[in-house]
Each structure stands twice: as structure tokens, then as C-alpha cells.
Amino acid sequence: MTGVPILQLRSLTKTFGSLAAVDKIDLDFDEGEFFTIVGPSGSGKTTLLRMLTGMETPTSGEILLRGKRINDLPANKRPTCMVFQSLALFPHRSVGQNIEFSLKMKGVDPATRKARALELMSQLRLPESYYSKNVTKCSGGERQRVALARALAYEPDILFFDEPLSAIDYKLRKTLEKELKDIHRETGKTFIYITHSLEEAMVMSDRIGVMRGGKLIQVGSPQEIYSAPHTKFVSEFIGDVNIIGVTADGTAQVKAKEFGASLKTPAVPEGFGAGYLVVRPESLRFLSKADEAQNCLEGRLYNEYVLGSRVQYQVRVGDHVFIVEKLRQQAFGGHRDDKVLIGWDADDSILVTD
Ligand code: ATP
């Protein structure tokens with residue numbers, strides 16, 4: 001990553017009738033970064049991506065590519081390339097024919113085309129012998145690499161991805177996520193990726209932008225999005241999380257609405273009235289006595305789930321169910337309905353308002 005913006009969005013907006021599908025987005029994409037836009041269905045991701053690739057014209061605002069306005073530049077004139085959702089390759093054609101497609105369209109001679117295809121195949125770790133192999137005989141992972149080689153043959157400045165992994169089964173998807181991250185590093189290209197899965201975004205991205213209702217509500221590194229969400233919505237978007245409804249009690253603490261306890265938090269912002277305290281399940285721990293954590297609650301062990309290398313516990317405090325997560329080696333040896341003490345430190349929680 002260079003920190004130099006390759007693409008800049010200035011108050012970018014797209015309306016359909018009275019609906020702002022994309023609503024005044026300001027964002028700079030850095031050259032060489034892997035940026036993922038995440039958001040639930042209908043949040044405006046596809047509309048945003050379609051404007052960036054030239055398939056949709058903005059209603060207002062600007063798109064600048066290396067400082068030049070490209071709002072009205074048609075898709076085929078933009079030095080970018082889209083990797084489609086389905087990674088659609090030409091079936092019954094060879095790997096080589098698929099990769100060389102754009103070069104053939106440009107009138108590049110066969111020998112130069114083949115040399116370039118083999119170069120891209122080697123970059124993407126596809127064996128040379130695959131040049132004549134039918135793409136339908138390639139595995140899911142290999143097909144992804146062929147699709148990427150085909151996209152790279154266009155020599156794009158930016159590669160766009162529209163949920164390329166959404167239709168792929170879990171195990172292969174996990175492998176492809178890691179592979180895509182490696183390919184990003186090896187090619188040094190700018191990758192702009194959209195997905196509704198923040199989990200997927202976390203694995204691959206340098207930065208993530210979270211969309212909701214056409215707006216970009218938070219941009220940050222995966223670590224920032226996970227550990228310092230600005231809103232309840234962002235905190236809930238990934239994994240399991242404990243969200244406690246709280247009100248200000250006029251001190252440095254807040255009061256839990258559901259079970260009445262006073263809870264220590266990081267600084268309570270001025271003017272804070274009510275909101276939510278967010279605590280990740282791995283930040284909660286079982287205590288043997290009350291002074292082992294800044295916040296301590298008594299509850300009953302309610303359920304236990306083994307999730308591979310981790311164990312998750314549900315603990316009821318009044319009507320509120322907390323989730324506590326431990327590594328399997330550090331599993332808590334309690335039984336259902338046991339009285340337990342759970343706790344966490346103020347700095348392991350975040351106070352959010354929305
Ligand atoms: P998904 O994850 O389901 O693909 P998304 O985040 O990509 O959703 P968009 O497809 O960008 O969301 O849609 C954003 C909003 O704009 C939705 O409410 C959608 O119904 C609306 N919308 C998108 N395209 C059009 C269109 N051509 N005409 C009218 N409304 C549209």
C-alpha cells in the first residue's frame with residue numbers, strides 16, 4: 001500500500017425515485033490496498049460498485065481516478081476490471097483461451113498472447129500444463145485463479161469483485177479467501193471487493209467500509225471494525241457479541257437496563273443518556289471471586305456449545321443471556337444451572353449509542 005489515493009469518491013450519490021441507494025459517500029481508496037465494502041442486503045453495495053465500474057451513472061457527486069473525474073466515462077473506457085459474482089468463465093474453452101480473451105479482442109498476435117497467458121498462469125500458480133485444460137475440468141480454486149488471470153490480462157488498475165465467493169461452499173470459500181489475499185499481495189493491484197459477510201471481509205482486507213441504508217457508516221482496519229465499532233449495528237455485524245442496554249447514572253459508570261447492575265466502562269461521553277455496552281465473548285471470563293475483574297455479575301450456567309477449538313457458554317443474569325467464549329484447552333468445567341461469576345474489565349468494553 002502506498003497511501004496514495006487511486007480512486008476518490010466525493011459525496012457520491014445515486015437515487016432511484018425518492019430512494020437514495022447510495023447517499024453522499026466520501027471515500028479514498030489507496031493504491032494497492034484490498035478494500036472491502038460490507039453491508040446487509042439492500043444497503044447499496046452493488047449500486048456503489050456499478051457506479052465505480054461505469055455500469056451506472058451517479059446522480060450527483062464525483063468519482064476521481066488518479067485525480068481525473070470519470071463520472072461519465074463508460075465502463076469499457078475505464079482502466080478497471082470487474083470480476084463477476086459467478087466468476088463466469090467461458091465453459092468448454094481451455095484455460096489459455098479464457099485468459100487470452102481480452103488480448104485476442106485487442107488483436108494481439110497468438111504467440112504474444114500465449115506468452116502473456118503463461119506468465120499470468122505462473123504468477124497465479126497454475127501449472128503450465130493447464131494451458132490446454134478445459135476450464136470445466138478445473139477445481140473451484142483453480143477456476144478462481146483462471147478468472148483472476150483473465151481479469152489481470154486486461155492490465156486493470158483496479159480489480160472489482162462482486163461477491164465472488166457467495167455461491168461456494170464453506171470449506172472451499174475459506175481456502176479461496178486466503179488465496180485471494182495471497183494473490184492480492186503478489187500482484188500489488190488495488191482490489192475493491194463487496195460482500196455481505198464481514199467475516200469474509202475480516203480475513204482478506206486491509207480496510208473495510210461498512211454500509212447501511214446507502215451510507216458509509218464506518219471505515220477502518222479489520223481490527224478497528226472488530227474491536228472498536230462505532231455503533232451497535234457494526235458490532236453485531238460480526239460474530240457473537242454481548243450487547244447490554246445501559247443508561248447513564250450520572251457517574252463514571254452506567255446502569256444495565258435489564259438487570260440493574262452498575263457497570264464500569266471506558267469514559268462515558270459528555271451528554272450520554274442511553275446506549276449499549278458491547279463486550280466480545282472472549283473478553284468475558286469466569287471468576288472465582290468478585291474482585292478478579294472490574295465488572296462482576298452472578299449468573300447461572302445455561303448452555304455449553306463446543307465450536308471446534310472453542311467452547312461457548314451461555315450464562316443467564318436475570319433475563320439477560322451472556323455469551324462467554326473460551327479456548328477448548330481453557331474450557332470451564334461447570335454444569336448446567338451452576339451458579340457462576342462472570343466478569344470483564346472496563347477497557348474490554350465499548351460504549352455505543354446506536
Ligand atoms: P444485495 O446484497 O442484496 O445485493 P446491495 O447492498 O448490493 O444488496 P443494492 O443492490 O445496491 O444493495 O440496492 C440498494 C437499494 O437500491 C435497494 O433498496 C434496491 O432495491 C434499490 N435499487 C437498486 N437498483 C435499483 C434500480 N435499478 N431501480 C430501483 N431501485 C433500485
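Quick caveat, the model's predicted, so the values are computed rather than measured. Atom set for the values below is all heavy atoms of this structure, side chains included, hydrogens, waters and symmetry mates excluded. The chain is numbered in sequence order, starting from 1. Atoms within a ligand are numbered from 1 in the order they appear, just like the ligands themselves.
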### Query
Above 12 or not: heavy atoms from other molecules or residues under 6.0 Å from CZ of Arg173?
yes

### Query
Does the cation-pi check pass for Arg150 over Phe90, that is, NZ or CZ under 6.0 Å from the six-membered ring centre and within 45° of its axis?
yes

### Message
Is the positively charged end of Arg207 above the ring of Phe34, judged by distance under 6.0 angstrom from the centroid and angle within 45° of the axis?
### Response
no

### Short N-O contact, Arg10 and Glu62, less than 4.0 angstrom
no

Show the atom names and distances, to 0.1 Å, of all donor-acceptor pairs under 3.5 Å that link a side chain in residues 117-129 to residues at least two apart or in another chain.
{"residue": "Glu119", "atom": "OE2", "partner": "Arg116", "partner atom": "NH1", "Å": "3.4"}
{"residue": "Arg125", "atom": "NH1", "partner": "Glu186", "partner atom": "OE1", "Å": "3.0"}
{"residue": "Arg125", "atom": "NH1", "partner": "Glu186", "partner atom": "OE2", "Å": "3.0"}

### Query
According to the interplanar angle, ranging from 0 to 90°, do the rings of Tyr313 and Phe332 count as parallel (below 30°), tilted (30 to 60°) or perpendicular (above 60°)?
perpendicular

### Query
Contact residues of ligand 1 with a heavy-atom cut-off of under 4.0 Å?
Phe16, Leu19, Ala21, Pro40, Ser41, Gly42, Ser43, Gly44, Lys45, Thr46, Thr47

